[in-house]
Amino acid sequence: FRPKILANKRVLVTAGPTFEPIDPVRGITNLSSGKMGYAIARAARQAGAEVTLVSGPTGLPAPYGVHRINVQTAQQMHDVVLSRAAGHEIFVAVAAVADWRIANASAQKLKKNEAGDVPQLQFEPNPDILAAVASLQNKPYCVGFAAESENLLEYGEAKRKRKGIPLLVGNIGHQTFGKDENELVLFDDKGHQSLPRADKQELARQLIGEIAARI
Ligand code: C5P
């Protein structure tokens, strides 16, 4: 239904939250629904690309024609993405990756005891998947997302530079998580540009157009 602007391109997308276990039945996650990342994977496929979607736990069905790989933790997402990134022309990091994982996760379910002791969780940092891909020798065109709650214009450009990527897409985190609509600001080396509030699938289609115009 549209020109195949990504024909013969391979696109790798991360989406959804990650889940960091505390014990076999508990864990830490976040409110990402996966909708924006899935919409981007779908739009890329509709634009003619071969699409791999590396997804944290979401309730969403895989978009038609998209190869989905399910993961739980940030480390698993990192390992899957890094083993595949070099074979792709475009990488879009949409996942809300947990910054930290639990260093002292328990192999057995934590039990309450008589004394009422509470678990003492310790954290350690997760790898930054986007920064790792952006520093590869043979890297795809890298697109990052930033969910900020304030000062989006200032933080957006700073984050683009810090991650070492050509395109960063900003949105206001608490206004997008779980919603069907979003509003994006694109940051590149020429400045910034807004994609006004619209359905996530429509924004994904516009974003794919912007990416195709830049590669
Ligand atoms: O630094 P911050 O988490 O705000 O950066 C967000 C961007 O970096 C998103 O594109 C996200 O998918 C990506 N990211 C990542 N691995 C992490 C943290 C963030 O790929 N550990």
Please confirm whether the backbone N or O of Pro125 pairs with a side-chain atom of Asp99, one donor and one acceptor, at under 3.5 Å?
no
In one Ile/Leu/Val/Met/Phe/Trp/Tyr side-chain cluster, 4.5 Å: Ile40, Leu195
yes
Within the 4.5 Å heavy-atom criterion, are Pro127 and His78 side-chain neighbours or not?
yes
What is the ring orientation for His192 with Phe187, classed by angle as parallel under 30°, tilted 30 to 60°, or perpendicular over 60°?
tilted
Specify the closest pair of heavy atoms between Ala134 and Ile165, including all atoms of both residues, with the distance to one decimal.
CB-CG2, 3.8 Å
For the residue pair Val11 and Val13, what are the closest heavy atoms and their distance?
CG1-CG2, 3.8 Å
May I ask you to decide if Gly87's main-chain N or O and Arg10's side chain share a donor-acceptor pair within less than 3.5 Å?
yes
Taking every non-hydrogen atom, the tightest pair across Leu53 and Pro63
CD2-CD, 3.9 Å
Where do Ala198 and Glu202 come nearest, in terms of heavy atoms and distance?
CB-CG, 4.2 Å
Would you mind reporting whether Phe145 and Leu130 have side-chain heavy atoms less than 4.5 Å apart?
no
Is Arg197 salt-bridged to Glu183, going by a charged N under 4.0 Å from an acidic O?
yes
In plain terms, say whether Asp188 and Arg214 are close enough for a salt bridge, that is, a side-chain N and a carboxylate O under 4.0 Å apart.
yes
same_hphob_cluster(Val97, Leu82) at 4.5 Å side-chain heavy-atom cutoff:
yes
So Leu121 and Ile22, side-chain contact (heavy atoms from CB on, under 4.5 Å) or not? Walk me through it.
CA-CA 8 Å; Leu121 299 181; Ile22 293 172; 3.8 Å; yes
All heavy atoms of Gly170 vs all of Leu152, minimum pair found to be CA-CD1, 3.9 Å
Will you find, in the side chains of Tyr38 and Ser55, an N or O donor that is under 3.5 Å from an N or O acceptor?
yes
d(Leu60 CG, Arg42 CZ) to nearest 0.5 Å is 8.5 Å
Is it the case that the side chains of Glu210 and Gln206 hold a donor-acceptor pair, with the cut-off being a distance below 3.5 Å and no angle test?
no
Could you tell me if the side chain of Thr73 sits less than 4.5 Å from the side chain of Thr18, heavy atoms only?
no
Would you please test Lys200 and Glu181 for salt bridge (charged side-chain N to carboxylate O under 4.0 Å, His left out) and show each step?
CA-CA 5 Å; Lys200 284 181 175 175; Glu181 289 197 333; over 6 Å; no
Output yes when Glu50 and Lys9 qualify as a salt bridge under the 4.0 Å nitrogen-oxygen rule, no when they do not.
no
Got a salt bridge between Asp128 and Lys163, using NZ or NE/NH1/NH2 to carboxylate O under 4.0 Å?
yes
Would you please test Tyr64 and Arg45 for side-chain contact (heavy atoms from CB on, under 4.5 Å) and show each step?
CA-CA 8 Å; Tyr64 175 78; Arg45 155 75 194 195; 3.5 Å; yes
pair Val71-Val54: side-chain heavy atoms closer than 4.5 Å
yes
Rest of the hydrophobic cluster containing Phe19 (Ile/Leu/Val/Met/Phe/Trp/Tyr, side-chain heavy atoms under 4.5 Å)?
none
Are side-chain heavy atoms of Val133 and Pro140 found at a separation under 4.5 Å?
yes
Tell me whether Gln108 at atom CD has more than 12 heavy atoms from other residues, nucleotides or ligands lying less than 6.0 Å away.
no
Tell me if a side-chain donor or acceptor on Ser32 pairs with a main-chain N or O of Ala96 at a distance below 3.5 Å.
no
Verdict with supporting geometry, Leu167 and Arg160, side-chain contact (heavy atoms from CB on, under 4.5 Å)
CA-CA 7 Å; Leu167 182 63; Arg160 188 183 77 82; 5.9 Å; no
With sequence neighbours excluded, what pairs up with Asn151 under the side-chain contact (heavy atoms from CB on, under 4.5 Å) test?
Glu154, Tyr155
CG/Asp117 to NZ/Lys112 distance, rounded to the nearest 0.5 angstrom?
13.5 Å
Can you tell me how far the CD atom of Glu124 sits from the CD atom of Gln75, to the nearest 0.5 Å?
9.0 Å
Take Asp180 and Lys35 through the test salt bridge (charged side-chain N to carboxylate O under 4.0 Å, His left out) and record every step on the way to the result.
CA-CA 7 Å; Asp180 289 324; Lys35 285 178 187 168; 3.0 Å; yes
Whether Glu20 side chain and Ile28 backbone form a donor-acceptor pair below 3.5 Å
no
Using modelled atom types only, decide if a donor and an acceptor are shared between the side chain of Gln201 and the backbone of Ala39 within a distance under 3.5 Å.
yes
Determine, step by step, whether Leu6 and Val51 satisfy the side-chain contact (heavy atoms from CB on, under 4.5 Å) criterion, reporting the C-alpha distance in whole Å, the side-chain angles of both residues, the deciding distance to 0.1 Å, and the verdict.
CA-CA 10 Å; Leu6 291 183; Val51 182; over 6 Å; no
Going hydrophobic residue to hydrophobic residue with side-chain gaps under 4.5 angstrom, can you get from Val94 over to Ile215?
yes
So CD1 of Ile208 and CD of Gln46: to nearest 0.5 Å the spacing works out to 10.0 Å
Are Phe123 and Met77 connected in a single hydrophobic cluster, I mean Ile/Leu/Val/Met/Phe/Trp/Tyr linked by side-chain heavy atoms less than 4.5 Å apart?
no
Which pair of heavy atoms, one from Asn182 and one from Leu203, lies closest together, and at what distance?
O-CD1, 3.1 Å
Is the backbone N or O of Ala95 less than 3.5 Å from a side-chain atom of Thr14, with the two atoms forming a donor-acceptor pair by type?
yes
Could you tell me whether a side-chain N or O of Ser106 sits under 3.5 Å from a main-chain N or O of Asp23, the two making a donor and an acceptor?
no
In Å and rounded to the nearest 0.5 Å, what is the CG to CZ distance from Leu12 to Arg84?
8.5 Å
